[in-house]
Amino acid sequence: MEHRDYFEDVYDVVRLVPAGRVTTYGAIAQYLSLRAGARMVGWAMNAAHGRDVPAHRVVNRIGVLSGKHFFGSPTAMQELLAAEGVLVQDDRVVEFRKVLWDPTTELQ
DNA sequence: CCCCTGACGTTGG
DNA sequence: GCCAACGCCAGGG
């Protein structure tokens with residue numbers, strides 16, 4: 001992958017996540033070989049507001065909705081996921097392992 | 001320039 | 001599985 005603005009690279013990957021599936025900050029960082037790491041993927045998402053990016057499909061490594069605070073209401077992220085068939089309970093994605101979509105293994 | 005704080009993750013105990 | 005310590009880079013104070 002090129003050394004273009006990596007924020008854009010992150011957004012491109014997030015846009016590839018199918019509805020009904022979720023991915024993680026770390027998986028994206030690994031797929032793009034970002035030396036910066038998962039933390040900067042989170043930073044990129046921070047700047048993704050208003051952009052055409054399905055940010056609700058990105059959760060942390062154990063399936064927790066760590067970014068829900070950055071959505072309009074406390075339940076907005078969960079509702080967006082539920083509308084796509086991804087159930088959330090106690091801020092955690094139900095059956096996380098099954099709905100996880102890892103670009104490194106899915107995009108070949 | 002130093003210190004702290006993150007939409008994070010790995011490692012070691 | 002839980003917790004603490006780091007590593008990571010960008011911004012803010």
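Chain identifiers are assigned alphabetically (A, B, ...) following the order of the sequence lines, protein sequences preceding nucleic acid strands; residue numbering begins at 1 within each chain.
- In the set B:dC8, C:dG11, B:dA7, the nucleotide with an atom closest to the side chain of A:F71 is B:dA7.
- When the C1' atom of B:dA7 is taken as reference, atom CZ of A:R51 falls 16 Å away, rounded to whole Å.
- When all heavy atoms of A:D102 and A:A27 are compared, the closest pair comes out as OD1-CB, 3.7 Å.
- Residue A:H56 is out of contact with every strand shown, counting any heavy-atom pair closer than 4.0 Å.
- Atom CG of A:L34 and atom P of B:dG9 are 13 Å apart (whole Å).
- Rounded to a whole Å, the CH2 atom of A:W43 is 12 Å from the P atom of B:dC8.
- Residues A:Y25 and A:Q30 each lie close to DNA chain B; by heavy-atom proximity, the contact nearer the 5' end of the strand is made by A:Y25.
- Rounding to whole angstrom units, CG of residue A:D5 and P of C:dC9 are separated by 16 Å.
- Residue A:N46 is classed as a base contact, given a heavy-atom separation below 4.0 Å to a base.
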What side-chain donor-acceptor pairs closer than 3.5 Å can you find for residues 37-52 of chain A, not counting sequence neighbours?
unit_1, atom_1, unit_2, atom_2, d
A:H49, NE2, A:F70, O, 3.1
A:R51, NH2, A:E8, OE2, 2.9

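- Atom OH of A:Y6 and atom C1' of C:dC8 are 10 Å apart (whole Å).
- Taking the C1' atoms as reference points, C:dC3 lies 22 Å from B:dA7, given to the whole Å.
- Rounded to whole Å, atom C1' of B:dG9 lies 14 Å from atom CD1 of A:I28.
- A pairwise comparison of heavy atoms in A:H56 and A:E84 identifies NE2-OE2, 3.0 Å as the closest pair.
- You'll find the side chain of A:Y6 reaches within 4.5 Å of the side chain of A:L34, heavy atoms only.
- Between the side chain of A:R39 and the base of B:dG6 there is at least one donor-acceptor pair of N/O atoms closer than 3.5 Å.
- Taking each heavy atom of A:R61 and A:T24 in turn, the nearest pair found is CA-CG2, 4.2 Å.
- An OP1 or OP2 oxygen of B:dC8 is reached within less than 4.0 angstrom by no side-chain nitrogen or oxygen of A:T24.
- Rounded to whole Å, atom P of C:dA10 lies 9 Å from atom CZ of A:F7.
- Ranking C:dG11, B:dG9, B:dA7 by closeness to the A:R61 side chain, first place goes to B:dG9.
- Shown here for A:E106 and A:L100, the closest heavy-atom pair between the two residues is OE2-O, 4.2 Å.
- Listed nucleotides C:dC9, B:dA7, B:dG9 differ in distance to A:F70; the shortest reach to its side chain belongs to B:dA7.
- A:G42 comes within contact range of at least one nucleobase, with a heavy-atom separation under 4.0 Å.
- Computed from coordinates, the A:I62 CD1 to B:dA7 P distance equals 15 Å when rounded to whole Å.
- Which of B:dG6, B:dG9, B:dA7 sits closest to the side chain of A:M40 comes down to B:dG6.
- Contacts of A:A29 with the nucleic acid, taken as non-hydrogen atoms under 4.0 Å apart, are absent.
- Nearest to the side chain of A:A36, among C:dC9, B:dA7, C:dA10, sits C:dC9.
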